[in-house]
Asker: 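Please see the structure below; I have some questions.
What you see is a predicted model; the values in this text were computed from it and never measured. Chain A is the first sequence line, chain B the second, and so forth, proteins listed ahead of strands; every chain is numbered from 1.
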Amino acid sequence: MDVVLLLQRIFDALFNSAIYSSLALALVIIFRSTGLLNFAQGEMATFSAYIAFVLLAGAAPGVTGGGLASWIGAPLVTPLAIGGAVVIGIAAGAATERVLIRPLRNAPELALVNVTIGILLALNSLMGQWWGTGPRVFPPFFPSDPGDHFAIAGARLRFSTVGAWLVLFALLTVLALLLRYTRAGLAFRAVSIDSESAALNGIRVGPTLMYGWALAAGLGAIAANMSANSVLLEPTMMVRVLVYAFAAATLGGLDSPKGALVGGVVIGLSQTLIPAYVPFIGFELSVLPALVAMVVVLIVRPAGLFGTQRIERV
Amino acid sequence: MSDDNWPSPMPRPGDDDETPGADASVFAAFAPPHDAAIAALPDDTTAAESPEEATATAPPEDDDFGPELAEAALSVRSAPQGVPAGGPQTASGVGNRVRGLASAGGADRVVSPRRRSGPLSWIGAVLLAVWLVAMPLASSVTELRQNTQIVVMVLAVLGVNIATGYGGMISLGHGVFVAVGAFGAAYAVDDLALPWVVSIIAGAAFAGAIGALVGLPALRIKGIHLALVTLGLAIVFQPLAKRVPTFSGGVSGRAVGAELVPPSWFGTTRWAEGLYRYVICLAVVGLAMWLTHNIIKSRPGRAMRAVRDNDTAAAVYGVNLVASRVSTFAASATLAGLAGALGIVLVPFTSQESYPFQESLVLYATAVLGGLGSIWGSVLGVAIREVFSAIGGFLGDVSGLGPLGEFLRLLDEEQFVFGVLLVALTFVFPRGLIGMFNRSKPWLRYGWSRIAESKSLQN
């Protein structure tokens, strides 16, 4: 086995790992607080990336939403556009919780699956209709010219990989600080542990969950904007990523942020390494191992590596 | 997640099935006259209060040990069929027999607490019957083929309905089984040179076998996690199908060489060919619906619903969970596969391209919109889908309205419309549109108005 090649593949995988970890974290935040798997997380994130695309493209002909950009004026520089898109994504996430999820708090699981699947379908189709189903070129989030890399033992570690991990760690730090030192963070932790007791202690459960949705939407939006350059922006961009992220979250334990991080790394590595060494899988089918991993974890150890074991009352 | 105040879209024991009025009368279209006589009976010979209304008005009982279970237990222990002490389900089984008696001997009303069907169900039944007869006469060859495809789609939606509505296993991946059925039948009829009848059955059976395999993990993976896994399956399917070209035709798909031609007395025109295929498909769909109905009403169906409502309790009462779950999933996949197999009779081409994951989700949405836990709900779902696609097609062609036109074009996107409907109906018609056809209130007061009431404070 070629060691340099292996190292190179690991380095390449780490970028994906960061993306999967962020999205898995977003899923975990929502699952932990509401027990809901947000199937629309990926499409919501893609939507935010398209917003950034519109802000960047300005009033270019043939771009729906060009009016928004021309109202702002000149096309924005990349960081500003992406920042704006993430803020819009956060607002949209909070609005979704308020309008579509909160009224269903007493509804059975099926109703929530329906709503998130409905959002997924509608957003996916909307993006295809507005911006075309073909891939769009998205500017890089990090410097990613051919020369932008560190050479380590003959393998190349790209700046974008390092950047993605730096962003992820920055996000984790901010998240940890928010949850640890702000009142809203305390409320969020309380609601996550036991929403009924939290409510009895005077915490307003609804707004707190909205806060969680906003955080999750923000994480997803950042993940989508970071990866839109390398995977090309298209309506189904995050669909496979969502499977990887779900696999990562399941592997780590659906209610464990630490698990999301570890799961993201493991799934990211396996997604690159398994197709490289198992010819049948190939690049296209690389989503299969993730699905298998998810099924196996759910059967053998539903709580995942770091999740809390659930005890069911009969 | 607690169910208080929320009528479950997964039907509760009492409100299982659809609109018997429409049921009987539509079956009369292609069933022996005996059934037509039943259909002609006034529907008012029902109990004073229908179970539907009972569940809608009374606070939903803790359905852990509802009549469903008692009844499942009875039947599983192979007690004599039709013990009157059973719940509504058994009673409706008895009801069938009693109705048979009634039509034969004019026996006095024997109470079968069936749900009352509203006037809409009659209108719907008539509309459906008229459409089924008049459509082929008024259609061109192409339209006839497209309309037959619509009829066949009922099977796929019914498949989703069995897994999700009756079995309680949320399946977001039924498009996969449709595809497998199509590939299987194409393989059988072309590569193995089997006759069409065998090929179609083989395609459906193959889909059923794959469904049983998928059903195995469903023994441990439940609820929202199963939804996740089936969604993953739908996403993984396309690349996977490309990997087995002998079976699926790979990237470019496979053309089907064999053709189903009618016997010479049926006519030799293209239209007669189309009509022949239409009649066959309609017969298969009708037969499948009838079989489904009977299965649902018999022992495995009762076990299925008992497992859905509380698997632990069902197991305690003697239901074999493994057998029930796996066979439910297999049956639902078989129906979907049958739809796929009939699909290649109509269009002699199949490809993984036709089965993106969105297709599976639209199938799911169709089943939910029509009404889970109701066979006619699936028919209604498909009908609604076509109505919306017609409206969208009309509005999408309107041009020159600026931003409004752009919005209208969006309505031509089936996926978009179904996504929005799926969200909206969860609030307005949690039981699906089939609720409109019953006399009780289909819409529910539990929408945005209930926001303020917190679950925690009511407990």
Side-chain angles (χ1 to χ4, degrees), chain A residues 35-37 39 64 67 99-100 102-115 117-126 128-130 195-200 205-206 236 239-240 242-243 246-247 250 254 280-282 284-288 290-291 294-295 298-300 302 312 314, chain B residues 1-6 8-10 164 170 172 217 220-221 223-225 227-229 231-233 235-236 239-240 242-243 312-313 356-358 361-362 364-365 368 372 406 409-410 413-416 418-427 430 446-448 450-451 453-457 459:
Chain A
L36 161 69
L37 298 180
F39 293 112
T64 304
V99 179
L100 297 179
R102 204 186 299 176
L104 297 177
R105 72 167 53 157
N106 291 335
E109 224 166 34
L110 187 76
L112 291 159
V113 172
N114 289 350
V115 167
I117 290 292
I119 299 174
L120 189 164
L121 272 176
L123 270 187
N124 187 281
S125 167
L126 189 78
Q129 181 79 6
W130 280 359
S195 68
E196 285 183 23
S197 308
L200 288 173
V205 175
T236 51
V239 168
R240 290 158 137 234
L242 189 73
V243 178
F246 267 126
T250 313
L254 273 165
F280 175 79
I281 302 285
E284 249 205 320
L285 207 50
S286 58
V287 73
L288 185 64
L291 181 66
M294 188 155 76
V295 172
L298 283 175
I299 290 176
V300 178
E312 245 176 81
V314 175
Chain B
M1 193 158 295
S2 153
D3 278 12
D4 43 355
N5 291 324
W6 190 271
S8 161
M10 298 236 190
T164 308
I170 303 176
L172 303 176
R220 289 269 296 180
I221 305 173
I224 203 161
H225 297 97
L228 172 59
V229 169
L231 178 66
L233 182 71
I235 292 172
V236 128
L240 190 61
K242 285 181 200 164
R243 287 274 151 181
T312 313
F357 76 98
Q358 292 100 326
L361 294 186
V362 170
Y364 172 79
V368 173
L372 289 176
E406 196 165 309
R409 266 193 296 287
L410 211 49
E413 290 284 308
E414 183 170 64
Q415 238 196 72
F416 179 78
F418 266 67
V420 172
L421 282 180
L422 195 54
V423 175
L425 262 77
T426 303
F427 288 91
Y446 309 90
W448 279 284
R450 281 274 174 129
I451 295 167
E453 291 172 53
S454 142
K455 169 179 90 180
S456 47
L457 297 181
N459 281 347

Asker: Work out which heavy atom in Leu121(A) is nearest to a heavy atom in Ala365(B); give both atom names and the distance.
Answerer: CD1-CB, 4.5 Å
Asker: Rounded to the nearest 0.5 Å, how far does CD1 of Ile117(A) lie from CG of Leu422(B)?
Answerer: 8.0 Å
Asker: Please look at Leu291(A) and chain B and tell me whether the side chain, the backbone, both or neither of the residue comes under 4.5 angstrom of a heavy atom of that chain.
Answerer: side chain
Asker: If you tally heavy-atom pairs under 4.5 Å against chain B, which of Val287(A), Ile299(A), Ile119(A) wins?
Answerer: Ile299(A)
Asker: Measure the spacing between CG of Leu240(B) and CG of Leu288(A) and express it to the nearest 0.5 Å.
Answerer: 6.0 Å
Asker: Kindly determine whether Leu228(B) and Thr250(A) satisfy side-chain contact (heavy atoms from CB on, under 4.5 Å), including the steps that lead there.
Answerer: CA-CA 10 Å; Leu228(B) 172 59; Thr250(A) 313; 4.2 Å; yes
Asker: Where on Leu231(B) is there a heavy atom nearer than 4.5 Å to chain A: the side chain, the backbone, both, or neither?
Answerer: side chain
Asker: What residue in Arg243(B), His225(B), Gln358(B) has the most heavy-atom pairs under 4.5 Å with chain A?
Answerer: Arg243(B)
Asker: How close do Phe427(B) and Leu100(A) get, heavy atom to heavy atom, and via which atoms?
Answerer: CZ-O, 3.3 Å
Asker: Taking all non-hydrogen atoms of both residues, which atom of Val236(B) and which atom of Leu285(A) are closest, and how far apart?
Answerer: O-CD1, 4.3 Å
Asker: Between Leu172(B), Leu233(B), Val423(B), who has the most heavy-atom pairs with chain A when the cutoff is under 4.5 Å?
Answerer: Val423(B)
Asker: Closest approach of Tyr364(B) and Asn114(A), non-hydrogen atoms and distance?
Answerer: OH-OD1, 2.5 Å
Asker: Where is the tightest heavy-atom contact between Gly223(B) and Glu109(A), given as atom of each residue plus distance?
Answerer: CA-OE1, 3.6 Å
Asker: Under the rule for side chain to side chain contact (heavy atoms under 4.5 Å, CB included), what residues qualify as partners of Glu414(B), not counting sequence neighbours?
Answerer: Val362(B), Arg385(B), Phe418(B)
Asker: Measuring from atom CG of Leu110(A) to atom CG of Leu372(B), what distance do you get when rounded to the nearest 0.5 angstrom?
Answerer: 6.0 Å
Asker: Heavy-atom distances under 4.5 Å only: say whether Val243(A) touches chain B with side chain, backbone, both or neither.
Answerer: side chain
Asker: Heavy atoms only: give me the nearest Ala122(A)-Phe416(B) pair and the separation to one decimal.
Answerer: O-CD1, 3.4 Å
Asker: Heavy-atom distance under 4.5 Å between the side chains of Leu120(A) and Phe357(B), does that happen here?
Answerer: yes
Asker: Sort out for me which of Arg220(B), Gln415(B), Lys242(B) touches chain A most, counting heavy-atom pairs under 4.5 Å.
Answerer: Gln415(B)
Asker: Could you look at Leu123(A) and say if it's the side chain, the backbone, both or neither that has a heavy atom under 4.5 Å from chain B?
Answerer: neither
Asker: If you count heavy-atom pairs under 4.5 Å between each of Val420(B), Leu421(B), Val229(B), Leu361(B) and chain A, which one has the most?
Answerer: Leu361(B)
Asker: Can you tell which part of Thr236(A) gets under 4.5 Å to a heavy atom of chain B, answering side chain, backbone, both or neither?
Answerer: side chain
